[in-house]
Number of protein chains: 2
Amino acid sequence: MTDDTDHAQSARFAPTARSLPIALLRARETVMGPIRVMLQQSGISEQQWRVLRVLDELGEIEQSAIATGACLQLPSLTRMLRTMEADGLIARRTDEADRRRTLVRITDKGRALILAHLPDSAAIFSRLEERFGARNLKQLLDLLDELRRIDL
Amino acid sequence: MTDDTDHAQSARFAPTARSLPIALLRARETVMGPIRVMLQQSGISEQQWRVLRVLDELGEIEQSAIATGACLQLPSLTRMLRTMEADGLIARRTDEADRRRTLVRITDKGRALILAHLPDSAAIFSRLEERFGARNLKQLLDLLDELRRIDL
DNA sequence: CCCTAATGGTTGCTATGTTAAGTATTATCG
DNA sequence: CGATAATACTTAACATAGCAACCATTAGGG
């Protein structure tokens, strides 16, 4: 007998709760719950929200930089920016110094959308801080940031 | 002037590196890199991989339980299981006690597939442990597990 | 300079994400 | 017992994910 459970688990993968990719995903599901509720109010997707946040943070940048910052693939971004531009949330222009590049920036309308969610966002954050603990939260963010920089 | 940068960031969102959802996503991208390479060898998707891992861990379970464990939506799962069943990786049967439920289990072929990746998987894990630190890794997993249980 | 390679995006295709509506089965309550 | 609600999926429709192929532009080496 190689196993003491009733379903014959294969020899020796770590339990999924100790699998980093799965653990990251599950934790994220918890955190995203209230944020999804918030975003539904304005009919914007989670991905579009990330794009706006990154643009707000970094200013006018090229698409590759958005892709990196918002964890999106360039093909997805190409399609999303098309609709976001049509919705007036962002603006695009060709970089004249290097005509391969497209520079993207957030518009006032896009900025207004973000700002409209600031109170809700702050409320979610403080509830998280309260229930998870400020110390835990800081520690987690530090670890995640360190992990992100690792070269595998 | 409300800001000291050159691109007029909106008043007061935390930098995206300190946004938990984004930080979780970025960290996950780092970790998934080598795993994606591994999975490409067998032509299986990341999601199918999670399903197999969960089934291997939990035995024969209903689809809702897979959805929860693998962080998938039921509609996605419905479609995925159809192809996975056709590929012989999983098997389904109706629960006779409650005919609404479908019970799913991993097949020998499915089990063989994940076992085939055990060495690679272990190598990735140990490289991660080496570069990120065993202590950091444990601490991170503990924090993530605690976060997952929080009710927001 | 010119040819070739590299870079930045786009397009096409298939799979999955996400919401809403639909179906079959079971549970609940009057 | 019967109407209704709840549960466990399934289907449909559209957006995004992920890979590969392609295009335009720029960089580099002979």
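Note that the structure is predicted; figures quoted are calculated from it, not measured. We name chains A, B, ... by the order of the sequence lines, and we start the count at 1 in each one.
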DNA chain C contacts among residues 67-82 of chain A, heavy-atom distance under 4.0 Å: A:L74, A:P75, A:T78, A:R79, A:R82
B:L20 vs B:L147, side chain to side chain contact (heavy atoms under 4.5 Å, CB included): CA-CA, chis, key distance, verdict: CA-CA 11 Å; B:L20 194 46; B:L147 177 57; 3.9 Å; yes
Salt bridge (Lys or Arg N to Asp or Glu O under 4.0 Å) involving A:R36 - partner list, sequence neighbours excluded: A:E29, A:E46
Considering all heavy atoms, the nearest A:L24-B:R28 contact: CD1-CA, 3.7 Å
Show me the side-chain donor-acceptor pairs of residues 63-76 of chain B shorter than 3.5 Å, one per line, residues at least two apart or across chains.
from, atom 1, to, atom 2, distance (Å)
B:Q63, OE1, B:R92, NH1, 2.9
B:T68, OG1, B:S64, O, 3.1

Salt-bridge criterion met for A:D56 and A:R53 (N-O under 4.0 Å): no
Single-linkage hydrophobic cluster A:V31~A:L143, side-chain heavy atoms < 4.5 angstrom: yes
Pairs involving residues 62-72 of chain A, ordered by first then second residue, that meet salt bridge (charged side-chain N to carboxylate O under 4.0 Å, His left out) (sequence neighbours left out): A:E62-A:R101
For DNA chain C, the residues among residues 83-99 of chain B that have a non-hydrogen atom under 4.0 Å from it: B:D98, B:R99
Acceptor/donor pairs from residues 113-124 of chain A side chains to any protein atom, 3.5 angstrom cut, sequence neighbours excluded:
from, atom 1, to, atom 2, distance (Å)
A:H117, NE2, A:S42, OG, 2.9

Rounded distance [0.5 Å steps], OG1 in B:T102 versus CG in B:L81: 9.0 Å
B:R93: side chain to side chain donor-acceptor pair (under 3.5 Å) partners, not counting sequence neighbours: B:E60
Bounds of contact between DNA chain C and chain A, in 5' to 3' order, using a heavy-atom cut-off under 4.0 Å: C:dA6 to C:dT19
Five-pair end axes of the helix from C:dC1-D:dG30 to C:dG30-D:dC1, angle between them (10°): 20°
Nearest to side-chain heavy atoms of A:R50, which nucleotide of D:dA8, D:dA17, D:dC9: D:dA17
Nearest atoms (heavy-atom pairs only) where A:G88 meets A:K109: O-CB, 3.6 Å
For the student: nearest non-hydrogen atoms of A:L55 and A:R105, plus distance: CD1-C, 4.2 Å
Counterpart residues, side chain to side chain donor-acceptor pair (under 3.5 Å), relative to A:R82 (two or more places apart): none
Partner set under salt bridge (Lys or Arg N to Asp or Glu O under 4.0 Å) for A:D142, not counting sequence neighbours: A:K138, B:R18
From CA spacing to verdict: side chain to side chain contact (heavy atoms under 4.5 Å, CB included), B:V104, B:V51: CA-CA 10 Å; B:V104 184; B:V51 169; over 6 Å; no
Within residues 19-48 of chain B: residues closer than 4.0 Å to DNA chain C (heavy atoms): B:S45, B:Q47, B:Q48
